Amino acid sequence: MSDAARQSADSRGGALTLDGVTSGYGAVSIVKGVSLKVAPGEIVALLGKNGMGKTTLLKTILGMVGLRGGAIAVDGVSVAGLSPAKLVALGVGYAPQEQPLFQDLSIRDNLRLAVSSDRLLPAALERVFGHFPFLADRLAQRAGTLSGGEQKMLILARALMLKPRLLLIDEISEGLQPSVVDRIAAALSAERAASGATMLIVEQNLDFALRVADRWAVLKLGEIDDEGATSPDARERILRHLSV
Amino acid sequence: MLLILDILTTAGILFVVSIGLLAVFGVLKIINFAHGAWLTIGAYCAVVAAKLGLNPWAALPLAFVIGGALGGLAEHFIIRPLYRRPLDAILATWGLGIVIGQLITLGFGRDVQMTPNLFSGTVEVFGADYSAYRLVALGAAVVIGVAFALTIEGTRLGLSARAVIMNETLARGLGIDTARVRLFTFMIGAGLAALAGVLLTPLTSVDPNMGVSWLIGAFMLVMVADASFLALGVACLVFGAAQVLISTFVSPILGSIAIAVLAALVLRISPKGFSRA
Amino acid sequence: MPDDVSALGRAARPERGRARLSRTAPFVAAGLAAVALWIAPLVLDTFAVNVLTRSMIYAVLAVTVDLLWGFAGILTFGQAAFFGVGAYATAMALTYLGATPAWIAVALALAVAAPMALGLAVGWLSFYHRSTALYASVISLVTPIVVTQLIYSGGEWTGSSSGLVGFDVLPLELEGFFRLAAFVLIAVTLAAWVFVRSDAGRALIAVRDNDARCAYLGLSPKRLQIALTAVLAGVAGLAGFVFANASSVVAPENAGFLFGTELVIWVALGGRGTLLGPVLGTIAIDYLAANLSGDLPFLWQLLLGTAFVAVIILLPGGLAELARRAWGALPVGRRSGFAPRLVVSPPRPEADASDGPLLKIDGLAKSYGSLTVLENIDLDIRAGELVSLVGPNGAGKTTLMRCLSDGTEPFEGAVSIAGVSTAGLTPNRIVTLGVGRKFQVASVFESLTVADCLLLARAPHDGLSALGRAETLTLPQAALDVLRMTGLDRMLAEPTRLLSHGQKQALELAMVVALEPRVILLDEPTAGLTKAERTTIGAVLKTLTADLGIAAVLVEHDLDFVRQISSRIVVLHQGRLVLDGTVDEVVNSELVRTIYSGGAHV
């Protein structure tokens, strides 16, 4: 297959279908019967307060938390029971929120861990330097020495290394200054424009979510409480769910 | 002067004996109490190599390969079901060690085996004769240490292993096949133990239970090093020095328990041992 | 589990009769065993009598290993060392002092006291605040190695590597030693049986299951573990005394690490966590070994090793587990758990009704390295207040709770409970100041029943019997209310692992309330609960604070819930206290809206 042909074959994001997904830890089910469709190339923001199951839902899609009920499909093919390694191989990229970096490893090694073989590394690095040029000059620096905003950009860059068809992003804007939030929003838009990637983003920053996403859903106690398109009246409607 | 050589060579031998256990503990978070049995397996590889008429040095690669292969089997059938029960893993690997010891007894008898010397004679150091082999063993420790460091720092497997040590959840989330990393690490750890077994043959008698006497020391050193490769080197030097000095100036019997007692006290004061220093 | 549910409906009276029966059963069994073992030497040949004497002494050790490992969860290789110390103390006393009745008594006293002293030291070394199970096992491994080397270095005093031989012993024949060993074994096993079935025995299992919860019930798990280590070291020493007398030989191997591992193997094969399993397992294996190892010495070890590995991986409950499964399949084998009757405790006289705050936080700050998690937190909470802590992820709420309930947590500033500073106090000491803590993930004892969990929560008030089960369980009215509202009062005999998540949360709350705390800390008590369960918990919390004058601090994400029950809301954001006000003030605050929409940067 020529490079151009691969380009066109890949330039469509994956479709994600969740049907009655239930999952959790130990005796507790945290996600309860969530159904959600994300069309190819669409960006959906998953909103909700802490402890409502957003992160668990992302981890369930990725195969890190066991699926207890329901079905998960990417492009109509069930991925239930697959390991995270298999899902990553299928083109899923993940930007986690908790302990998201190997603080003691270099930026280069953090990025390198996202590719399965060092042969893929140069091209993948070039790809993410396009989004975040500052990384190119600082490959040898320890990830832990980056500023908070730079760390977030590194996390996103790592998820973009393999040109994913489906991106799962967990609170990438958390604790960031507006200027960094802008850069991240720009990167996400650019990525979708370039590769047509589908994205499911978990957010607490409502303004950021509304800026980036096409649709939103609010998760409450593990269930979808409300959902809609990012129309102008969405902000007030969502705030009713989020505030005290 | 000879005392310093004694300390250095003792530390080198301790390092060689412990490094495989450290690799397994770091990545798998499991204490392999069959480690002693793999030392024994290595030593018997030297016995077999001699019987086959091979060059004594050929036992080294042979032991690494056989030890690694057997390690792969052990990981798959015994370690893997017990990842969530670390204390039970200690017991199961101890039981495995008994089984291996008895299989070796059935195959070779319980008598002490003779092995050809890898390197004999003495060399003159600072005007005194010193066992040449102890110096060779020190050299081997340095070579193994450097090779281990290069593997950890330079290869993909090393990077993946470090990632699993630092944050296994994140490593999994990035698509690293952690089960395979564990398997390979265990195989390398077992291979290194067998390699150490060959290197021990000129220093100790070879019998089916020879590994057990080395196990506890290695175990305590790894506990103190807490999965840190450099901390293991430091621990070997410090405790090796303590052992040599106490044996020389107080009593050899107290020297033989120096490592265990000192390591227990260090852990009581600082549960992470030397790794934070 | 349909059987257990149907058992709940049974009338209480037959249960009591059954309980009495099961209380006398061990004594009857012990009596029968004693008679059988008294007769046994008359029919067995000399070899068998000899071997079984040794096997029964080893079985005593197996009981001690089982209590430590199977019941209290402490994997130990150290019992061999205490056995060895007891045996050597006996042998040395008899060798150098003589075997007159008086010196034999001295030998016996030494054989128990010396290992106990060593056990105290080992326990003190092994168990401390934040010690790990692995560390205790490491120490238990070092102990026999050290003892063995000390024996080697003892020169002619200890006989070095050849041990001590040929000293005068108790004036008994072969049969006499057999009966002595049998008597000690039966006595120790019976005592262990009574103990593990008693209320105090529940505490062992509780420490194994969840020692954090124990500490937060005001029990001292570390002290219990040290005491257990010391007492069982004494029992091992007693076995050593019998062994030295019966064999008239002691050797360094008797104290060695390898013997320690053998004990663990026997207990594992017999079935840890049961008493008869390890006793019968040890006797059977040691007896078989004596008979078989002559003919096929290596094959026997090989089989034993293989069986051990297989049991650890596939059948962690050992052979006793197999027996229990078979027994459980029979209709007679089914038995519902024991449950005491619930009694209301008299209301406590109102504690000092002074106006000072019950909980006072003064300039609290905490950081991990360069990362500041909390800074400059000042907060006063008075009796009867229900204060909710809210704030987005990472605001520092859970960290604050931890600082309040554990004085050994490194932080700056001061926390005091009713005027007493908590600086340096371990969680169990803070509980005695009147603080109860409910964890985020329901923290109960999974192997125990509902009634047992509550019983342990009452231990600081009512104590625990080491001899039997209390017929009644006295609880404060508020704890009873929690049980009634959630239906747990009808499930007292139910093992907690069968409870739903909501029931576990309610049980933990009832346990915390049973402590009769003055301050109660609740970390997301409604996480994962249904709407109805939330309403129930909310009602309970209102009663506790408004009616009983308890001060409550609540971390909660469900803001509807917070709105309904709080008397005050405190907002944390990025480690700082940004707002402290009434429900209305906070709900209408523009700042709070900004924080929750993710935009605020302080």
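Every chain is numbered from 1 and lettered A, B, ... according to where its sequence line falls, protein lines coming before strand lines. Given the structure is predicted, the values throughout are model-derived calculations rather than measurements.
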Where is the tightest heavy-atom contact between B:Leu87 and C:Ala133, given as atom of each residue plus distance?
-> CD1-CB, 4.3 Å
How many angstroms lie between atom OG1 of C:Thr306 and atom CG of B:Leu96, to the nearest 0.5 angstrom?
-> 9.5 Å
Segment of C:Ser153 engaging chain B (4.5 angstrom heavy-atom cut-off) | both
Scanning both residues in full, the closest heavy-atom pair of C:Gly305 with B:Val99 reads C-CG2, 3.5 Å
Given that the side chain runs from C-beta out, which part of C:Ile145 has a heavy atom under 4.5 Å from chain B: side chain, backbone, both or neither?
-> both
Which portion of C:Trp69 sits near chain B, non-hydrogen atoms under 4.5 angstrom = side chain
Taking all atoms of both residues into account, what is the closest heavy-atom pair of C:Ile312 and B:Arg85, and its distance?
-> O-NH1, 3.0 Å
Mind checking whether C:Phe257 and B:Phe33 have parallel, tilted or perpendicular rings, split at 30° and 60°?
-> perpendicular
Heavy-atom count around B:Arg84 CZ within 6.0 Å, excluding the residue itself: above 12?
-> no
Applying a strict 4.5 Å limit to non-hydrogen atoms, the region of B:Ser251 in contact with chain C is neither
Applying a strict 4.5 Å limit to non-hydrogen atoms, the region of B:Ile90 in contact with chain C is side chain
Max heavy-atom pairs within cutoff under 4.5 Å with chain C, candidates B:Ile253, B:Val212, B:Leu106, goes to B:Ile253
Derivation of the side chain to side chain contact (heavy atoms under 4.5 Å, CB included) call for B:Phe77 and C:Ile313 | CA-CA 9 Å; B:Phe77 291 106; C:Ile313 297 175; over 6 Å; no
Identify which of B:Val261, B:Leu267, B:Ile31 forms the greatest number of heavy-atom pairs closer than 4.5 Å to chain C.
-> B:Leu267
Okay, B:Leu82 and chain C: the region with an atom under 4.5 Å from a heavy atom over there is side chain
Flag the pair C:Gln301 / B:Thr105 as yes when at least one side-chain heavy-atom distance between them is below 4.5 Å, and no otherwise.
-> no
Let me know if C:Val264 has heavy atoms under 4.5 Å from chain B in its side chain, its backbone, both or neither.
-> side chain
What are the two closest heavy atoms between B:Gly95 and C:Val309, and how far apart are they?
-> C-CG2, 3.4 Å
Please report the C-alpha distance between B:Ile98 and C:Leu304 in whole Å, then the side-chain angles of each, then the deciding distance to 0.1 Å, and finally whether the side chain to side chain contact (heavy atoms under 4.5 Å, CB included) criterion is met.
-> CA-CA 9 Å; B:Ile98 295 176; C:Leu304 195 63; over 6 Å; no
Non-hydrogen side-chain atoms of C:Leu134 and B:Pro86 separated by less than 4.5 Å = no
For C:Leu258, is it the side chain, the backbone, both or neither that has a heavy atom under 4.5 Å from a heavy atom of chain B?
-> side chain
Identify the two heavy atoms, one from C:Leu302 and one from B:Gln102, that lie closest to each other, and give their separation to 0.1 Å.
-> N-CG, 3.7 Å
If one checks every heavy atom of C:Tyr135 against chain B at 4.5 Å, the contacting part turns out to be side chain
Contacting region of C:Leu125 [heavy-atom separation from chain B under 4.5 Å] | both
Residue B:Leu91 versus chain C: region with a heavy atom under 4.5 Å | both
